[in-house]
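Shown next, in structure tokens, is the structure this report addresses.
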Amino acid sequence: MNEKTRPPRFAVLMTGAAVAVATLALALVPLAALGGLAGGVLVVAGTARGSRLVLGVGTVLQLAAVVFAGASSLPPGLLLVGILGGVLGWDIGEQSINATQQLGSDATMVRSIAVHTAASTFVGAVAMVIVYGTYLVSTGGQPLVALVAFLGGGGLVLLAMRA
Amino acid sequence: MSRISERSRHPDDETDEASAVGLRRFLSVFGVFAVVAGFVILISPEVGSSLSVRYLVVMAIGGVLLLFAVRRWFKRVVSSVDTAKTPPVERRMTVSIPGDDFDEMLDDDSQNAMGRLQMKETAQDRLRAVAEVVFAGDVEDVDERLAAGTWSDDPDAAALFSNGETSMRDRVSSFVSGTSVLKRRVVSAIREFARLADEDVAWDDASAVSEERVNATEAGTHATERWNGLTALALTTVAFGVLLSQSGLVLAGAVLSGLGAYAVAGSSPSTSVRITREIQPADPRPGEPVVVTVEVENVGGQLIPDLRIVDGVPADLTIEKDSPRHGTALRPGARMRYTYTLSGIRGSHTFDDVFIVSRNLPGTLERVEEITAEGDDTVIYDVSSALDLSVPLRKQASMHVGRVLTDSAGSGLEFHSVREYRSGDPLTRIDWSRAARGEGLATLQFHEERSATVVLVIDARREAYVASDDDSPSAVDRSVLASAKLASALLAADDRVGLASLSPRRCWYSPGAGHTHLARLYDALATDEAFAPSPPTLPYYRRINLPALRKRLPSDSQLVVFSPLVDDEVVEINRQLQASGYPITIISPDASGTGTPGRTLARLERRKRLSELRRANVRVVDWDADESLALALTNAGRRWS
């Protein structure tokens with residue numbers, strides 16, 4: 001095993017694609033896009049160099065940019081793309097760093113990374129379509145009780161999750 | 001199986017407890033929040049009147065969620081992803097580099113005063129022994145020069161032996177650099193000695209750091225906790241969404257919950273695979289690369305989305321090309337193969353079990369297992385190699401006719417002496433020209449040519465498993481291969497050859513001749529456990545093992561001893577054997593490394609041992625790593641004759 005952890009170029013490309021999409025989605029809020037860009041660069045650099053720390057810092061920066069964009073009234077559709085891109089960037093990056101740590105830089109592992117990327121992207125896309133679809137269908141004016149129930153219940157479910 | 005179920009039950013218990021505690025906290029935080037909100041409204045009633053009471057509930061939920069999010073973020077930051085450690089199959093773990101233990105001792109700064117005193121004494125003793133060779137003087141002279149401190153211009157080096165006071169400046173600079181005064185003195189002294197002995201002193205600090213040994217994770221399933229941050233993120237977006245009335249952020253939280261559900265729902269990863277290994281060729285010649293093909297088949301009914309395979313490469317083979325590790329994804333029934341190339345020097349090597357890590361699709365659960373591969377699992381290196389080698393032997397011979405020129409007079413080719421004729425002497429050996437001059441009959445005598453009885457002794461003690469760097473063959477490897485060549489050459493020259501090991505794992509083949517005997521010796525060298533590629537676990541006790549060897553040696557035999565000469569014990573062994581009447585030739589594969597103070601010291605010590613042995617009338621062949629044995633023998637032979 002090589003002492004240096006350097007994930008395959010394919011993984012770096014995939015991570016780069018995910019964060020690029022996320023950054024582009026924030027383009028309407030220039031400050032957030034700038035933050036997203038900085039975070040994205042760190043994410044790609046972290047993946048390429050096999051550093052979890054750099055990857056993590058980049059991801060936090062990027063997600064913060066997404067939340068900031070959301071606070072600055074970015075349209076929900078773009079916001080969802082932004083947050084999904086950020087999370088996928090981290091997911092692919094971490095997965096490939098992990099695989100490289102176990103298998104070394106010389107081993108072939110593209111296939112498993114591709115499968116992982118495809119699965120995560122698919123699940124994220126389905127979740128997004130369902131959530132966004134529901135949002136488009138419902139046209140506001142709902143009773144507040146529904147909102148409270150959603151938020152309170154959803155929060156409890158999130159807290160119960162270990163993952 | 002029981003371990004797996006125990007492990008998987010464990011997290012559930014934790015969750016139950018956590019949720020009970022969590023509910024209580026939730027209520028208490030909610031209470032605090034309500035009290036704070038009440039205060040705010042009391043102080044400025046207009047805030048209260050502008051907010052509808054019903055909307056306040058939503059705001060409260062947002063605040064509570066934010067608090068929980070912060071807590072989760074904190075937990076995420078202090079924890080790390082828990083992932084399996086794979087075995088370091090690429091690293092050769094059976095040999096060490098001479099002197100690395102000394103480097104470790106120098107680097108160990110956790111010592112107390114007693115430990116430092118011991119270290120100082122060890123270093124002084126070893127260096128003083130080396131000094132005798134470097135200065136080439138007698139013992140008293142050496143001691144005097146060392147104590148006077150005049151032997152070196154370097155004040156640090158001289159101070160090690162003169163026991164000078166440590167100056168204030170030294171103490172300050174040692175404090176600043178983090179290197180103890182003693183260490184600096186020892187290192188300077190070694191450097192000075194090496195310089196005096198014309199050794200290489202270009203040291204590289206990085207190579208002194210010894211690597212940590214990694215232990216592979218045990219078999220079983222465990223959670224990687226890699227998605228732990230997702231909850232924190234979801235809680236944060238929802239909280240901000242609520243507090244800032246941004247529907248987009250709340251929706252983002254919902255999408256993240258979807259991903260979270262996917263992560264939680266990840267099934268237990270399957271490890272039902274069949275692994276087949278094929279080795280080509282299975283009995284290679286020394287140094288020949290071996291191609292290993294590993295085939296993996298998913299024999300379960302479940303998709304294996306992320307399978308990582310680490311083949312159990314034998315500890316003393318090195319990877320030549322590609323990697324014995326592989327990552328892939330396999331549908332049920334699918335198979336896949338990968339190849340890599342190994343190379344080794346000699347001996348019999350057995351593969352370990354294959355280490356596999358299987359992860360589920362989101363990567364939340366990881367299952368580690370070790371699987372016995374079907375197919376080939378052994379590589380045996382052949383030691384036979386035809387070689388025309390002329391071995392300079394010593395003049396101890398048997399009664400059989402052979403090619404060793406002895407000092408005893410008789411029939412032969414090379415002139416020895418002339419003696420008075422005795423009746424019965426063959427006519428061909430009468431000195432006729434002398435008879436013609438009328439000086440009477442005399443008989444010519446020649447050096448008799450007899451065969452030698454040679455016992456090849458291989459130093460295979462634990463200490464002898466050394467190499468000059470991590471990739472070169474160990475001294476034992478080189479000794480075994482060289483003795484195979486020597487055996488073949490000696491048997492071809494009609495000498496009788498035996499084989500013995502200098503190791504707690506005893507091996508003895510009494511001297512013999514002929515093709516069958518050669519085949520037997522080859523077989524022993526390739527597969528006898530005394531010469532196994534990994535060192536013995538027991539230490540060698542000279543008092544027990546040496547008499548056993550001496551009892552078996554035929555009285556007319558001479559010894560060819562292979563040893564890297566890395567400790568003083570082997571010198572003593574050779575001296576004793578030589579003193580008991582067995583002439584010795586030592587072939588010493590040089591396995592001393594360079595680059596650190598300890599290695600340089602070990603190198604100097606080896607030089608000291610070589611000269612000690614020469615003084616004890618032992619013939620020494622110093623065999624460099626990049627030199628062929630034939631060349632080393634020729635060079636050494638030139639010096640003897």
Side-chain angles (χ1 to χ4, degrees), chain A residues 1 52 56 59 63 66-67 70-71 73-80 82-84 87 90-91 94-95 98-99 101-104 106-116 119-120 123-124 126-128 130-132 134-135 144 147-148 150-152 154-163, chain B residues 11 15 19 22 54-55 57-58 61 64-65 68 81 83-84 86 88 90 225-228 230-231 233-238 240-242 244 246-260 262-264 305-308 310 322-323 325-329 338 357 361-364:
Chain A
M1 190 166 55
R52 280 210 173 88
T59 305
L63 293 174
V66 175
V67 172
S73 307
L74 188 76
L78 288 176
L79 190 72
L80 292 191
I83 199 128
L84 200 59
V87 170
W90 174 82
D91 180 37
E94 202 280 334
Q95 171 79 5
N98 184 291
Q101 273 181 350
Q102 287 187 354
L103 298 175
D106 312 330
T108 321
M109 62 188 96
V110 170
R111 206 178 142 92
S112 63
I113 291 176
V115 169
H116 182 89
S120 296
V123 171
V126 168
M128 195 176 84
I130 292 175
V131 168
Y132 196 57
T134 317
Y135 168 75
L144 192 65
L147 183 59
V148 170
F150 261 123
L151 292 177
L156 286 178
V157 170
L158 274 177
L159 286 173
M161 273 184 193
R162 270 187 61 77
Chain B
T15 346
S19 63
R54 291 194 305 170
Y55 199 68
V57 177
V58 178
I61 291 176
V64 170
L65 288 180
F68 275 109
V81 176
T83 182
T86 53
E90 285 85 352
E225 325 223 308
R226 69 186 291 264
W227 281 112
N228 270 5
L230 198 64
T231 322
L233 178 62
L235 286 172
T236 312
T237 50
V238 173
F240 274 115
V242 169
L244 305 169
Q246 289 293 340
S247 54
L249 285 173
V250 179
L251 290 181
V255 171
L256 293 175
S257 310
L259 273 177
Y262 158 69
V264 169
D306 189 353
L307 181 67
R308 295 156 190 192
V310 183
D322 299 332
S323 170
R325 299 163 184 255
H326 196 85
T328 191
Y338 70 96
V357 180
L361 215 41
T364 48

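A, B, ... follow the sequence lines: proteins, then strands. Residue 1 opens every chain.
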Would you mind telling me which of B:T237, B:L244, B:L259, B:D322 has the largest number of heavy-atom pairs within less than 4.5 Å of chain A?
B:L259
Who are the salt bridge (charged side-chain N to carboxylate O under 4.0 Å, His left out) partners of A:R52, not counting sequence neighbours?
A:E94
For chain B, the option from A:L74, A:V126, A:V67 that forms the most heavy-atom pairs under 4.5 Å
A:V67
Could you have a look at B:A254, B:P362, B:S323 and say which one has the most heavy-atom pairs with chain A under 4.5 angstrom?
B:S323
Backbone N/O of B:T364 and side chain of B:W227: donor-acceptor pair under 3.5 Å
no
List the steps, then state whether salt bridge (Lys or Arg N to Asp or Glu O under 4.0 Å) holds for A:D106 with B:R325.
CA-CA 8 Å; A:D106 312 330; B:R325 299 163 184 255; over 6 Å; no
Please rank A:L63, A:I130, A:I83, A:T108 by heavy-atom pairs under 4.5 Å with chain B and give me the top one.
A:T108
Salt bridge (charged side-chain N to carboxylate O under 4.0 Å, His left out) filter on B:R308, not counting sequence neighbours, yields B:D306
What part of A:I113 gets closer than 4.5 Å to chain B, counting heavy atoms only: side chain, backbone, both or neither?
neither
Here the gap from B:L235 atom CG to B:F240 atom CZ, rounded to the nearest 0.5 Å, amounts to 12.0 Å
Chain A: which of B:V310, B:T236, B:L307, B:L233 shares the most heavy-atom pairs with it under 4.5 Å?
B:L233
What's the separation between atom CZ in B:R226 and atom CD in A:Q95, rounded to the nearest 0.5 Å?
5.0 Å
Crowded around B:Y338 OH? As in, over 12 foreign heavy atoms under 6.0 Å?
yes
Identify which part of B:L249 has an atom lying under 4.5 Å from any heavy atom of chain A, answering side chain, backbone, both or neither.
both
Ranked by heavy-atom pairs below 4.5 Å to chain A, first place among B:P305, B:G241, B:G258 goes to B:P305
For the candidates A:A107, A:G77, A:A127, which exhibits the highest count of non-hydrogen atom pairs separated by less than 4.5 Å from chain B?
A:A107
Winner by heavy-atom pair count (cut-off under 4.5 Å) against chain B, out of A:V115, A:N98, A:L79:
A:N98
